[in-house]
Protein chains: 2
Amino acid sequence: MVPARRPRTATAEKRQRLLDATEQVMIRDGYAAVTTRRVEAEAGLKLHYHYGSLDELLIAVVRRRGQQTVARLGQALASPEPLRAWWRLMAEPAGNRLLVELTAAANHRPAVQAEVASLARQVRRMQTEALPSLLDEYGLDGDEFPPALVASAVQGLAFAMAYDQASGFDTAQEEAVAGIERLLDRLERGRRR
Amino acid sequence: MVPARRPRTATAEKRQRLLDATEQVMIRDGYAAVTTRRVEAEAGLKLHYHYGSLDELLIAVVRRRGQQTVARLGQALASPEPLRAWWRLMAEPAGNRLLVELTAAANHRPAVQAEVASLARQVRRMQTEALPSLLDEYGLDGDEFPPALVASAVQGLAFAMAYDQASGFDTAQEEAVAGIERLLDRLERGRRR
DNA sequence: AATAAGTTAGAACGGTCGCTCCAACTTCGT
DNA sequence: ACGAAGTTGGAGCGACCGTTCTAACTTATT
């Protein structure tokens, strides 16, 4: 359990190392490989001293990742090329791989499920709030492309492409990536603020 | 193991029941819940007599599902409203849920991974082959929307929406669904062959 | 140097896993 | 009715699981 009194200065960093190790194992071998002994071996630390249970550890992973994502999404949406920055963020292979595993793990870990759902809602809200004015800047009709749909589309497309790539599906990725880049170029070029 | 000589007539049906049970458990409790004892309990059958290993069983699940999907995709792409039919097929909740679990399971089961990848390639090929003439019918520019990109987009969007729905993310799904339906209406209406 | 607190190693617990094995049961052709 | 083949129940194997526990080790403060 987390010590009740005076944790050493290195303790915070140790907890981070445990989260790093968990992500590593999860990305490399899948969520089912995230076991006490394997995470401990990867981190060289005692799991149950720093986190009370595996659920607690996984929730901490979701939370940390979520904070990073929220911060970076905010920066992306406020950047000079919001759409491109947004796309780049969502298309990151490691993040998507982790997302697959976390959502799969959440299926039979209700506590994790709640945390993932809460994060998903927050991210989606940020997007749908930013989108109306953003779509306008890009000259897109908000009726034709409802914010919720655009958000789902960006998320889903990034997810699909990252996953195909990570899994070596070899499904003509170059063509799709090139298409996206061309689309982004065109949209960013035609943007007016 | 699979009997070497004369399986009874009911044997084929029993193997199907095992696949049904596996899908059930997978959809209900996630792929990690697919264990010998649980599948046997669900099916009321002896697993290792009909399938030599869990890997073999999972591969059979992928194969059967794959054959169904390929057949239905072929029908969809040849139907009166190809785009809408395609979308409906890809957006099926149960299928997507199963796909999530299978891809997650594939992460640490190389044999399953190979089977899923092979199916993904086949499905994607069907789509990218049908798309050029299809896009033309719908009046869409093939340069602006490369077939590989459209295929990824349909797959990814369906995946994202089905997953949000299944996980109870509650991320303004109605708006996105309504947007899709309107888009499909418009595209199907403007189709000329 | 001594003391106290943070942290770890390693054993141990009950439980579940994939898979194997064999005796028993069911089904079927004769 | 009988025998052979298909199929199952249930025990059992070694392995790994999450978690708890205690004795030892490390580190910081006095």
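Quick note on labels: first sequence line is chain A, next is B, and so on, each numbered from 1.
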Requested in this report: Report yes if some heavy atom in the side chain of A/Arg186 is under 4.5 Å from a heavy atom in the side chain of A/Leu183; otherwise report no.
Outcome: yes
Requested in this report: Can you measure from CG (B/Leu131) to CZ (B/Arg124) and round to the nearest 0.5 angstrom?
Outcome: 10.0 Å
Query raised in the report: Which residues within residues 20-34 of chain B lie with some heavy atom under 4.0 Å of an atom in DNA chain C?
Result: B/Val34
**Report entry** Any residue of residues 35-45 of chain A with a heavy atom less than 4.0 Å from an atom of DNA chain D
**Finding:** A/Thr35, A/Thr36, A/Arg37, A/Arg38
Query - Salt-bridge contact A/Arg84-A/Glu181 (side-chain N to carboxylate O under 4.0 Å) - result: yes
Query raised in the report: Just by modelled atom types, is the B/Met90 backbone N or O under 3.5 Å from a matching donor or acceptor in the B/Asn96 side chain?
Result: yes
Query raised in the report: How many angstroms lie between atom CG of B/Leu119 and atom CZ of B/Arg65, to the nearest 0.5 angstrom?
Result: 11.0 Å
**Report entry** Short side-chain N/O contact from A/Tyr49 to OP1 or OP2 of C/dT7, under 4.0 Å
**Finding:** yes
Report task. Round to the nearest Å and state the distance from B/Glu56 atom CD to C/dT20 atom P. Result -> 11 Å
Query raised in the report: What's the spacing between A/Leu77 CG and A/Leu83 CG if we round to 0.5 Å?
Result: 9.5 Å
Report summary line: Taken to the nearest whole Å, CZ/A/Arg109 to C1'/D/dC17 is 11 Å
Query raised in the report: Do other residues, nucleotides or ligands put more than 12 heavy atoms under 6.0 Å from the CZ atom of B/Arg63?
Result: no
Requested in this report: Starting from C1' on C/dC22, measure out to NZ on B/Lys46 and report it in whole angstrom.
Outcome: 11 Å
Report task. Check the distance between D/dG9's P and B/Leu47's CG and give it to me in whole angstrom. Result -> 12 Å
Query - From A/Glu81 atom CD to A/Leu187 atom CG, the distance as rounded to the nearest 0.5 Å - result: 10.5 Å
Query raised in the report: Please give, in whole Å, the distance from C/dT27 P to B/Glu13 CD?
Result: 13 Å
Report summary line: Atom CZ of A/Arg15 and atom C1' of C/dT7 are separated, to the nearest Å, by 14 Å
Query - Rounded distance in Å - NE2 (A/His48) to C1' (C/dA11) - result: 15 Å
Requested in this report: Counting heavy atoms from C-beta on, name the nucleotide in D/dT8, C/dA9, C/dC19 closest to the side chain of B/His50.
Outcome: D/dT8
Report summary line: note: A/Leu58, atom CG; D/dC17, atom C1'; distance rounded to Å ~ 14 Å
**Report entry** Derivation of the side chain to side chain contact (heavy atoms under 4.5 Å, CB included) call for A/His50 and A/Leu57
**Finding:** CA-CA 9 Å; A/His50 297 279; A/Leu57 175 72; over 6 Å; no
